[in-house]
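A short write-up of the structure that comes next.
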There are 2 protein chains.
Amino acid sequence: MENFSFVNPVKIIFGKDTIKSLSKEIPAGSKVLITYGGGSIKHNGVYDQVIKALSAFDFYEFSGIEANPHYETCMKAVELIKEKNIDYVLAVGGGSVIDATKFIVAAACFKGDDPWDILSKQARIERALPFGTVLTISATGSEMNSGAVITKAETHDKLAFGSSKLYPKFSILDPEVTYSLPLKQVSNGVVDAFVHVIEQYVTYPSQAMIQDKFAEAVLVTLITEGPKALETPRDYDVRANLMWASTWALNGWIGCGVPEDWATHRIGHELTALYGLDHAQTLAIVLPGVLSVLKDQKADKILQLGEMVFGIYNNMSKDERIDETIRAIIHFFEEMQLKTRLSDYGLGQEAVDAVSNRIKERGWKLGEKENITADVVKEILTLRM
Amino acid sequence: MENFSFVNPVKIIFGKDTIKSLSKEIPAGSKVLITYGGGSIKHNGVYDQVIKALSAFDFYEFSGIEANPHYETCMKAVELIKEKNIDYVLAVGGGSVIDATKFIVAAACFKGDDPWDILSKQARIERALPFGTVLTISATGSEMNSGAVITKAETHDKLAFGSSKLYPKFSILDPEVTYSLPLKQVSNGVVDAFVHVIEQYVTYPSQAMIQDKFAEAVLVTLITEGPKALETPRDYDVRANLMWASTWALNGWIGCGVPEDWATHRIGHELTALYGLDHAQTLAIVLPGVLSVLKDQKADKILQLGEMVFGIYNNMSKDERIDETIRAIIHFFEEMQLKTRLSDYGLGQEAVDAVSNRIKERGWKLGEKENITADVVKEILTLRM
């Protein structure tokens with residue numbers, strides 16, 4: 001096991017009818033900004049529950065945060081915060097709203113010249129406004145970590161940042177609020193969480209038994225409960241297990257003391273930034289390519305994944321078991337109604353070239369061995385045309 | 001899954017050669033009290049590493065904290081804290097030293113008449129001195145939770161308490177410091193951690209898939225790595241996995257949203273208080289009795305334990321699989337060199353009567369269904385004579 005240092009101070013409030021408890025979590029007298037997305041919370045009852053719980057507070061609203069949230073949108077919220085002297089933010093939504101809120105609370109306190117430096121130059125975040133979240137989509141894990149991804153619409157840059165100042169003070173996870181989600185968002189969320197775990201698990205062995213078994217626990221939960229959520233959307237325990245699995249997929253604990261990859265995410269972000277694909281769609285395309293091209297380097301962990309998660313441990317050869325495991329992943333993505341090839345989204349050679357050129361321009365070397373260069377990215381994406 | 005609310009703010013610093021980092025964790029200028037036990041840390045190099053790391057601090061020492069730490073001992077440390085105006089405590093040891101330190105930092109700030117009320121009346125803890133830990137024995141999980149157990153030597157009362165004010169600020173877990181432990185302490189630690197998980201897992205099904213699989217992950221790690229630690233005491237990864245497993249066995253996360261039992265611990269504490277048995281010895285005696293007497297109520301989870309942890313899932317009847325699982329637990333305890341019957345420790349009917357009388361006096365009804373009365377305790381212990 002590798003050395004590590006870790007803390008995660010987020011308070012989780014989980015279960016039915018828990019949104020009302022947010023009034024006890026936000027300090028009395030706070031001037032609150034509620035951030036949210038396109039307004040679906042006004043149709044599923046979440047907005048009403050939040051407003052009722054905030055009745056004793058002075059609050060404002062900022063809506064219209066898009067998927068793959070834009071820097072430009074976030075900066076409008078920052079203006080509102082300054083204008084109204086907001087001192088607490090409540091994000092009500094999924095990963096996009098929470099990611100945007102992390103950038104907003106950091107940018108509102110940023111003392112440098114240009115808040116874009118937080119993303120482009122990883123400028124240090126000295127202070128941020130406190131914020132809590134009411135989660136409405138199980139997917140990104142942003143509700144229990146301190147990282148976020150923001151896109152500059154102007155330049156198609158989709159970049160990640162993080163800071164220990166950006167943990168939510170609390171996150172309210174009521175699985176019932178996910179009943180009314182469009183099935184596409186359920187599928188995307190399950191696949192996103194699945195790939196989060198894979199990025200922290202399918203690298204090389206580091207004898208971290210607890211972390212490996214926790215990762216396998218989350219993966220088995222996702223492949224078991226994910227398809228059920230599409231068939232029986234109002235099954236509470238299915239939704240509860242998926243919500244908790246998605247949080248654990250990226251709350252940091254399973255990544256303690258083990259190598260991490262993240263190549264699939266980095267390549268996927270470029271596909272989203274250039275062509276507007278959903279985040280999960282990009283992951284479903286890229287991951288099988290990463291595992292195929294890196295199959296020698298990742299052999300031990302792909303075999304472990306096959307055995308412990310997909311039950312692939314018969315007397316096939318190792319090579320056959322690796323291939324069978326990659327096929328099982330593709331089958332799972334398809335079962336979750338996601339297409340897994342560039343051509344399924346009308347993309348071809350030009351996308352392969354464009355993404356690998358972006359990686360080359362940035363000089364990135366991705367993956368746990370930092371050996372996925374632009375040329376390797378081209379090989380990966382060519383396999384997924 | 002049941003509703004829950006949870007946070008665990010402890011910073012974990014894990015790995016080789018990490019004790020030196022404590023100088024960065026304790027606020028500069030703090031007046032530190034180091035608490036420790038019988039002095040083994042002076043022979044295994046831990047004391048020297050701690051003193052070196054604290055060279056820039058003004059510090060005092062309080063040694064002599066015994067196993068099953070005494071209220072009377074703790075109160076001497078409280079006197080020293082007041083006399084020297086200590087404002088930070090560093091616990092260097094295993095669960096006993098850390099538990100004692102939790103009581104010490106609470107009692108040092110206690111405004112009531114009698115600090116014993118913290119235990120006997122669960123008096124509210126409004127404030128406590130901050131403290132960190134350097135863990136030297138993998139066992140109790142006290143390094144990452146906010147609870148503790150203290151014994152009043154005068155009256156043989158062994159009682160638990162806890163408070164959100166009692167999380168360590170940080171805990172340093174260097175698996176190498178456990179190489180030199182007596183094998184008996186290794187055995188005790190593994191069995192203690194094993195039973196911690198069982199208390200949060202073998203109750204009744206609550207469809208909490210993640211928590212169940214995490215519990216199984218910790219149990220499998222303990223039964224796989226525990227015996228190896230006795231055979232090859234200086235295997236780093238074995239020690240690292242046991243250390244992390246023991247922490248996870250009682251850091252609260254696996255107990256989120258599931259019922260909890262704790263009858264084995266409550267009965268075991270009485271055996272320790274009355275007859276001085278090691279904590280783990282009492283658990284190894286009591287647990288098989290609890291599972292045997294409650295086998296109908298706990299049937300589903302005993303079967304799940306048998307299948308997922310001990311690989312018992314052939315075509316035996318359910319009753320046979322339950323009995324086989326209880327036998328597997330006893331076998332594991334014996335493999336870890338612990339005796340599992342009262343008679344192994346020279347105890348008989350008088351102990352059965354004495355413990356069940358204490359439970360009757362206290363009016364306790366134990367277990368996840370609160371149906372383990374003094375009479376049931378007598379039945380449990382009679383099975384374990």
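Residue numbering restarts at 1 for every chain, and letters A, B, ... go by the order of the sequence lines.
For a residue to count as touching a neighbouring chain, one of its non-hydrogen atoms must lie under 4.5 Å from one of that chain's; by this rule B:Met144 touches chain A with the side chain only. With a threshold of 4.5 angstrom between heavy atoms, B:Val218 approaches chain A through its backbone and through its side chain. Residue contact with chain A, scored on non-hydrogen atoms closer than 4.5 Å, involves the backbone of B:Asn8 exclusively. The contact between B:Thr224 and chain A is made entirely by side chain atoms (from C-beta outward), counting heavy-atom distances below 4.5 Å. B:Tyr236 touches chain A through its side chain: at least one heavy atom from C-beta onward sits under 4.5 Å away, while N, CA, C and O do not. With a threshold of 4.5 angstrom between heavy atoms, B:Glu216 does not approach chain A through any atom at all.
The aromatic ring centroids of A:Phe332 and A:Phe194 lie less than 6.0 Å from each other. In this structure, B:Trp244 has its ring center no closer than 6.0 Å to that of A:Phe214.
For the set B:Asn3, B:Asp212, B:Val7, B:Thr18, the entry with the most heavy-atom pairs within less than 4.5 Å of chain A is B:Asn3. Counting heavy-atom pairs under 4.5 Å between each of B:Asp237, B:Leu173, B:Ile13 and chain A puts B:Asp237 at the top. Heavy-atom pairs under 4.5 Å with chain B peak, among A:Met1, A:Gln211, A:Glu2, at A:Met1.
With 3.5 Å as the limit, one finds a donor-acceptor pair spanning the side chains of B:Asn145 and B:Lys102.
Between the side chain of A:Thr203 and the backbone N or O of A:Glu199, no donor-acceptor pair lies under 3.5 Å.
With rounding to the nearest 0.5 angstrom, the CH2 atom of A:Trp253 is 7.0 Å from the CG atom of B:Asn251.
Here the side chains of B:Tyr179 and B:Pro233 are not in contact, with every heavy-atom distance at 4.5 Å or above.
Salt bridge status for A:Glu25 with A:Lys11: present, with a side-chain N to carboxylate O gap under 4.0 Å.
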